[in-house]
Amino acid sequence: MNFDFTRKLMEWNSAENNRSMPWKGEKDPYKIWLSEIILQQTRVEQGLAYYNKFVETFPTVKKLAKAPEEKVFKLWEGLGYYSRCKNLIATAKIIDGDYKGRFPSTYEHILALKGIGPYTAAAIASFAFNLPHAVVDGNVLRVLSRYFGMSTPVDSTHGKKLYNQLADSLLDKESPGIYNQAIMDFGAVVCKPQNPLCSICPQKSDCRAFQHAWVNDLPVKEKVLKKKTRYMYYFVISVDGKTFVKKREAKDIWQNLYEFVLHEHDEPIDWTKKNIKEAIKSFIDTPFQLQGISTIVKQQLTHQLIIGQLIKITVQTSIDIPGYELLTEKDIKKLAFPKFINTLMQQEVTLF
DNA sequence: AATGCGGGGCC
DNA sequence: GGCCCAGCATT
């Protein structure tokens, strides 16, 4: 055990750590779990409002378990990584049912829940039950790889094993919860990804990266993400005040969110009246009224660039579009949509 | 072991 | 435009 690192971290935490968050010191495992799921791959500042909304709307795991699924997704709308929401609902039902509302209190049982991996299990186990499991998140990987001057890629199989063992050996087993909170705060406030505060860092005299001027080169990641561009054109087709929508079910982005009638292409489309007419013929075979077309909207995701437009259509006759359902505006407002579609809906539509 | 999954903030 | 964020599930 590297006593120095742990001691100095805990000293920094007591003397200088001013980071405050509503769930800090929280002992209700339900709220801890909720905050951890929301914060997976998500900045604290971004997740904060969602956490407050969820706690207010669903103060207990039972309330969450009994809530209509669409209502939970609507509350999650805009936060991204929507499988988290699906797993949140599934786990709430398991805790409410199998565990009779009592959150499981061992690392293994917590880890077995949907949407909970090694990081989240360690966080809940240590924060709620003071169990000695070290968290390893992006902050911890950065702090450790810098402090020990390790260039082993943090996203490699070997690296994960290595940093996990290291983290466990450094854990303050007397106060695992406080230690885990401290190392993540330290990574977020001092040992930041960009422009870390090395000059005021209490660990700088022992930090190998600082001594060798490697700070800006660590941590090392080996994986490069492939990006692709997609062109998604949405047709808002309305009949008698109702509009066609469907839930996205495919293993793709925005699974479980709703969308309008989609025409997707590998290449951009230069919409003309003729193009639109032909596209619409692939859904319906009745006369229509073109209300207008929006400007081009772009949405950059982590791994995809989405480009598209929105085209508004009304039809007079009663029609059916297989796979889509006709809903009123009031009902549609209760459903969760991707940000891309919400942005499209805010655009003005114009005719040629 | 590799890939896919959102959205936002910072440089 | 690239990187990163209190990661996880799937293949």
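To find a chain, count down the sequence lines: A is the first, B the second, and so on, and within it residues start at 1. Note that the structure is predicted; figures quoted are calculated from it, not measured.
- Side-chain nitrogen and oxygen atoms of Lys339(A) include at least one within less than 4.0 Å of the OP1 or OP2 phosphate oxygen of dG8(B).
- Distance check on atom C1': dG6(B) versus dC3(C) gives 15 Å, rounded to whole Å.
- Of the side-chain N and O atoms in His303(A), one or more sit less than 4.0 angstrom from OP1 or OP2 of dC5(B).
- Within the nucleic acid shown, Gln181(A) comes within 4.0 Å of at least one base atom, counting heavy atoms only.
- Taking 4.0 angstrom as the limit, Arg84(A) places none of its side-chain polar atoms (N or O) nearer than this to OP1 or OP2 of dG6(B).
- Nearest to the side chain of Glu222(A), among dA2(B), dC5(B), dC11(B), sits dA2(B).
- Interface remark: the Thr42(A) side chain does not form any donor-acceptor pair with the dG7(C) base, using a distance-only criterion of under 3.5 Å.
- Phosphate proximity of dA6(C) to Trp23(A): absent, as no side-chain N or O sits under 4.0 Å from OP1 or OP2.
- As rounded to whole Å, 15 Å separates atom P of dG8(B) from atom CD1 of Ile38(A).
- No engagement by Trp33(A) is indicated, since no non-hydrogen atom pair under 4.0 Å with the nucleic acid exists.
- In this structure, the OH atom of Tyr50(A) is 10 Å from the C1' atom of dG6(B), given to the nearest Å.
- If Lys114(A) and Asp137(A) are placed on DNA chain C by their nearest nucleotide, the residue sitting closer to the 5' end is Asp137(A).
- Between Leu257(A) and Ser156(A), the residue whose closest nucleotide on DNA chain B is further toward the 5' end is Ser156(A).
- Using a 4.0 Å heavy-atom criterion, one finds that Ser35(A) contacts no nucleic acid atom at all.
- Using a 4.0 Å heavy-atom criterion, one finds that Asn180(A) contacts no nucleic acid atom at all.
- Salt-bridge check for Lys74(A) with Glu70(A): failed, with every basic side-chain N at 4.0 Å or more from each acidic carboxylate O.
- At a cut-off of 3.5 angstrom, the base of dG6(B) holds at least one donor-acceptor pair with the side chain of Thr302(A).
- Taking the six-membered ring where the residue is Trp, Trp254(A) and Phe340(A) present parallel rings, their angle staying beneath 30° rather than reaching 60°.
- No side-chain heavy atom of Phe148(A) sits under 4.5 Å from any side-chain heavy atom of Leu218(A).
- Residue-level contact check: Leu79(A) touches the bases, meaning some heavy atom is under 4.0 Å from a base atom.
- Nucleic acid contact for Val135(A): none, since no nucleic acid atom lies under 4.0 Å from a heavy atom of the residue.
- Residue Gln41(A) places at least one side-chain N or O under 4.0 Å from the OP1 or OP2 atom of dG7(C).
- Arg19(A) contributes a side-chain N or O that forms a donor-acceptor pair with the base of dA6(C) under 3.5 Å.
- Contact between the side-chain N/O atoms of Tyr81(A) and the OP1/OP2 oxygens of dG4(B) is not found at any separation under 4.0 Å.
- One finds no side-chain N or O of Lys223(A) lying less than 4.0 angstrom from the OP1 or OP2 phosphate oxygen of dG4(B).
- Tyr233(A) and Tyr231(A) have parallel rings, their planes meeting at less than 30° on a 0 to 90° scale where 60° marks the start of perpendicular.
- For Leu301(A), taking side-chain heavy atoms from C-beta onward, the closest of the listed nucleotides dA6(C), dC8(C), dG6(B) is dG6(B).
- For Lys221(A), taking side-chain heavy atoms from C-beta onward, the closest of the listed nucleotides dC11(B), dG6(B), dC5(C) is dC5(C).
- Here Trp76(A) and Phe54(A) bring their ring centres to under 6.0 angstrom of each other.
- Ring geometry for Tyr107(A) against His133(A) counts as parallel: the plane angle stays under 30°, on a 0 to 90° scale with 60° as the upper cut.
- Atom-to-atom, NZ of Lys226(A) to C1' of dG1(C) comes out at 20 Å; the value is rounded to the nearest Å.
- Distance from the side chain of Asn139(A) is smallest to dA6(C) among dA6(C), dC5(B), dC4(C).
- For the pair Leu111(A) and Met21(A), nearest-nucleotide mapping onto DNA chain C gives the more 5' position to Met21(A).
- In this structure, Ser205(A) and Lys8(A) have side chains that are in contact, with non-hydrogen atoms separated by less than 4.5 Å.
- Candidate nucleotides dT11(C), dC4(C), dG7(B) were compared by shortest atom distance to the side chain of Lys251(A), and dT11(C) ranks first.
- For Pro193(A), the listed nucleotide lying nearest its side chain is dC5(C); candidates were dC5(C), dC5(B), dG7(C).
- With both ends at atom P, the span from dA6(C) to dG4(B) equals 24 Å, rounded to whole Å.
- Checked against the 6.0 Å centroid threshold, Phe337(A) and Phe260(A) count as a close aromatic pair.
- Judged by distance alone with a 3.5 Å cut-off, no donor-acceptor contact links the side chain of Gln46(A) to the base of dG8(B).
- A sub-4.0 Å separation between OP1 or OP2 of dG6(B) and a side-chain N or O of Gln304(A) is absent.
- Within 4.0 Å of Gly47(A), counting heavy atoms only, lies no atom of the nucleic acid at all.
- The side chain of Arg43(A) has dC4(C) as its nearest neighbour among dC4(C), dA9(C), dA6(C).
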